[in-house]
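Worth knowing before you read on, the calculation uses all heavy atoms, side chains too, and leaves out hydrogens, waters and symmetry mates. By convention in this document, chain letters (A, B, ...) are assigned in the order of the sequence lines, proteins followed by strands, and residues within each chain are numbered from 1.
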There are 2 protein chains.
Amino acid sequence: MCMEPIEIFKALSNESRLQILHWLKDPEKHFTPHEGIDMRKIGVCVSQVTEKLKMTQSTASQYLAILERAGLITTERIGKFTYYKRNEDTIREIGAFFNNDI
Amino acid sequence: MCMEPIEIFKALSNESRLQILHWLKDPEKHFTPHEGIDMRKIGVCVSQVTEKLKMTQSTASQYLAILERAGLITTERIGKFTYYKRNEDTIREIGAFFNNDI
DNA sequence: TTGACATATCGATAATTTGCGATATTATAA
DNA sequence: TTATAATATCGCAAATTATCGATATGTCAA
């Protein structure tokens, strides 16, 4: 799983990315349904995040990529949409890292 | 207590500052004694950190200041020395924040 | 195939961070 | 007081990050 604490902390050092991560915790509460997809299982797509962020599609896509490279979210392509959801395993690991190693 | 997650994550987004925080967890293991000070209770001074970091005094002082502003360490001046030690309360809080809010 | 979307990537500029040397400040000892 | 040691702060150049618009790529429907 090889998490990179520095990369993770950098990913978390941005208000918008923290927001995204928070929204994804309870997606049904923060996003409108989309294509009959189960947000809890599959995630939400870039457009949904873009709209909620009120930033450009380019920025949203990049932020999601940063969170993904840090291991905080995972991605799945379905048709022309790319869905992202939290990676609770990594998030738990960081919690443990924080409690034990920091 | 008003911790600022973003500022905390920024402070942690740097290898040297993570090191400092780690060294301070068990200071007796990482620093040589200094002026008969109890490192566990009082902390370690800027010179000790500077030497171990192998960076300039200027940089060490600034990094300690960043960690302090983030609430991760506290400072105490004794004579001409400034001692820094971990702020376990804040660190625990962040752990909890991480587990509950992220 | 072509058109229309969804997403990713490129290139740019502004803002922030890194780490340094130089200098200012503070505290002590002579 | 003055010299000196410890620390803080300032100003800088280089590196990185934020965010955008433009464009490329991928996917489906007609």
Between CD1 on residue B:I94 and CG on residue B:L12, distance to nearest 0.5 Å: 6.5 Å
Validation row: A:N14, B:F9 side chains within 4.5 angstrom (heavy atoms): no
Side chains of A:F98 and A:I8 in contact at under 4.5 Å (non-hydrogen atoms): no
Phosphate OP1/OP2 of D:dA18: any A:N14 side-chain N/O under 4.0 Å: yes
How many whole angstroms separate atom [atom1] of [X] from atom [atom2] of [N]?
X: A:I78; N: D:dT27; atom1: CD1; atom2: C1'; answer: 13 Å
X: B:E15; N: D:dT16; atom1: CD; atom2: P; answer: 14 Å
X: B:I6; N: C:dT16; atom1: CD1; atom2: C1'; answer: 14 Å
X: A:I73; N: C:dT7; atom1: CD1; atom2: C1'; answer: 14 Å
X: B:E76; N: C:dT26; atom1: CD; atom2: C1'; answer: 16 Å
X: B:E7; N: C:dT16; atom1: CD; atom2: P; answer: 14 Å
X: B:L67; N: C:dT18; atom1: CG; atom2: P; answer: 11 Å
X: B:E35; N: C:dA27; atom1: CD; atom2: P; answer: 16 Å

Heavy-atom closest contact (B:E15 atom, A:I6 atom, distance): N-CD1, 3.4 Å
All pairs passing side chain to side chain donor-acceptor pair (under 3.5 Å) where residues 47-57 of chain A contributes a residue, at least two apart: A:T56-A:T59
Polar side-chain atom of A:R77 near backbone of A:G79 as donor-acceptor pair, under 3.5 Å: yes
Nucleic acid footprint by protein, nucleotides 4-9 of chain D - heavy-atom cut-off 4.0 Å, B for base, S for sugar-phosphate alone: -SSBBB
